[in-house]
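One structure below.
Per chain, numbering begins at 1; letters A, B, ... match sequence-line order.
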Protein chains: 2
Amino acid sequence: MNVRTLCLGILSLQEASGYEIKKDVEDGLFSHFIDASYGSIYPALTQLAAEGLVTVRAEEQTGKPDKKVYAITDTGQTALANALSVKPAKDKYKSEFLFQMLLQDFLSPDIMLVAIQKQLDDLNADLGRIAHCECGADGGQGARFVAEYGHAVLTAGVNCLENKKAELLQQLAAQAA
Amino acid sequence: MNVRTLCLGILSLQEASGYEIKKDVEDGLFSHFIDASYGSIYPALTQLAAEGLVTVRAEEQTGKPDKKVYAITDTGQTALANALSVKPAKDKYKSEFLFQMLLQDFLSPDIMLVAIQKQLDDLNADLGRIAHCECGADGGQGARFVAEYGHAVLTAGVNCLENKKAELLQQLAAQAA
DNA sequence: TGATGCATGTAATCCGTTACATGATTCA
DNA sequence: TGAATCATGTAACGGATTACATGCATCA
């Protein structure tokens, strides 16, 4: 799936500007399983508009720069439905943290602890974003499903890490004694 | 983290050819959190050898093509330790499946079911790979940690999906009645 | 005889990120 | 006064994937 489809998908839930789409994938419900930068979002939006899959409307704002609000068209919805109907690629999960843990023999115990704590913080931040968005309850069923799934997976990670952390701390204490 | 470091890391655990490294990241313990193709592995290995971070040895095999077995050098270990000591990037998780679920209004219930089943199969396949590698028990502590973490996270996903699937099935049955 | 596994490699291409450029406003 | 937020965009660059090229052995 490319940034085009991503934009189309987000716009199918609500109108938005490029800036707002970026925020959604950065801080919103989507943040833990989607990624995109301005450098890919803006050109995609321009292209989508040229092809008639979305419309643009300039919105004047007092005190802030003008906004280009994009909305999906019927053609866009069809294109989205088509893109969605193809069997999705397998999930991709890349973890430098896990790679580091795998090679922990190269790491000192305190560096290990720092890495684990960082991972814990990252996971909890995602968990926080999900909890926060759930209150908003924008996207209906779909959003709830995604929130639940994310919550389950992230929580499992947190629990696993808390255990490891406690274990490590005990080992260090025993060593010091 | 790039493919160079990835190769160095795998070679720090055991000697291997490019082909074997690919297998490791495809079917091995690493498969659920790492990815790399021949097109990136082979050039990386060549480069690493040119820089003296690994050595090459041609191994003749009866019935099979010759193998180039790579082994990490002391310099390579130092380079790996350095690369590992930098704070790792945040985990990246990309899921077209979740995106599809988010936009489930565009999907028919049976397509939904197919997608969920596919995700379930993918997760279980990963779980199977982890269970299989654990028997081998190559990498010691690090490998065990990674296996546990993967198992916890993957299992959480499976449970969540089993619930959803049952829910959906019930809804469909109720609708049919 | 045709697919699959073992085995190595290159080149074109793609997709996206990073960095850069600009500019107004608000809050500390 | 300086940082952060809002807001849009482009160009260079990088990193990896895909597809291609080759070839032998084994199994169905």
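- Rounded to an integer number of Å, the gap from A:Ile41 CD1 to D:dT10 C1' is 15 Å.
- Counting only heavy atoms from C-beta on, A:Val3 has its side chain closest to C:dG16 among C:dT8, D:dT8, C:dG16.
- The distance between atom CG of A:Asp66 and atom P of D:dT5, rounded to the nearest whole Å, is 21 Å.
- Listed candidates were C:dT17, D:dT5, D:dG9. Nearest to the side chain of A:Ser37 is C:dT17.
- For the pair A:Gly18 and B:Gly39, nearest-nucleotide mapping onto DNA chain D gives the more 5' position to A:Gly18.
- For B:Tyr42, counting side-chain heavy atoms from C-beta on, the closest listed nucleotide (C:dG9, C:dG5, C:dG16) is C:dG9.
- Spacing between atom CD of A:Gln47 and atom P of C:dC14 amounts to 13 Å, rounded to whole angstrom units.
- At whole-Å resolution of the value, CD in B:Glu20 and P in C:dT8 are 8 Å apart.
- Atom CG in B:Asn2 sits about 11 Å away from atom C1' in D:dA16, given to the nearest Å.
- B:Tyr38 and B:Val69 are members of different hydrophobic clusters when ILVMFWY side chains are connected at heavy-atom separations under 4.5 Å.
- Between the side chain of B:Asn2 and the main chain of B:Thr5, a donor-acceptor pair closer than 3.5 Å is present.
- Proximity note for B:Tyr19 (side chain, C-beta onward) versus D:dT8, C:dG5, D:dT10: the nearest is C:dG5.
- The aromatic rings of B:Phe145 and B:Tyr149 sit parallel, their planes meeting at an angle under 30°, below the 60° perpendicular limit.
- With rounding to whole Å, A:Lys92 atom NZ is found 12 Å from C:dC15 atom P.
- At the heavy-atom level, B:Thr46 lies nowhere under 4.0 Å from the strands shown.
- Nearer the 5' end of DNA chain C, as judged by each residue's closest nucleotide, is the contact made by B:Ser40, out of A:Asp35 and B:Ser40.
- Within 4.0 Å of A:Lys22, counting heavy atoms only, lies no atom of the nucleic acid at all.
- Taking atom CG of residue A:Leu45 and atom C1' of nucleotide D:dG9, one finds them 12 Å apart after rounding to whole Å.
- Closest contact between the side chain of A:Lys23 and the listed nucleotides C:dT8, D:dT10, D:dC6 involves D:dC6.
- Ring pair A:Tyr93/B:Tyr93 is perpendicular by interplanar angle, where above 60° counts as perpendicular and below 30° as parallel.
- Atom-to-atom, CZ of B:Arg57 to P of C:dT8 comes out at 12 Å; the value is rounded to the nearest Å.
- Mapped onto DNA chain C by nearest heavy atom, B:Lys68 and B:Lys94 fall at different nucleotides, with B:Lys68 at the one closer to the 5' end.
- Of the possible polar contacts, one joining the B:Thr73 side chain to the B:Gly52 backbone as a donor-acceptor pair under 3.5 Å is found.
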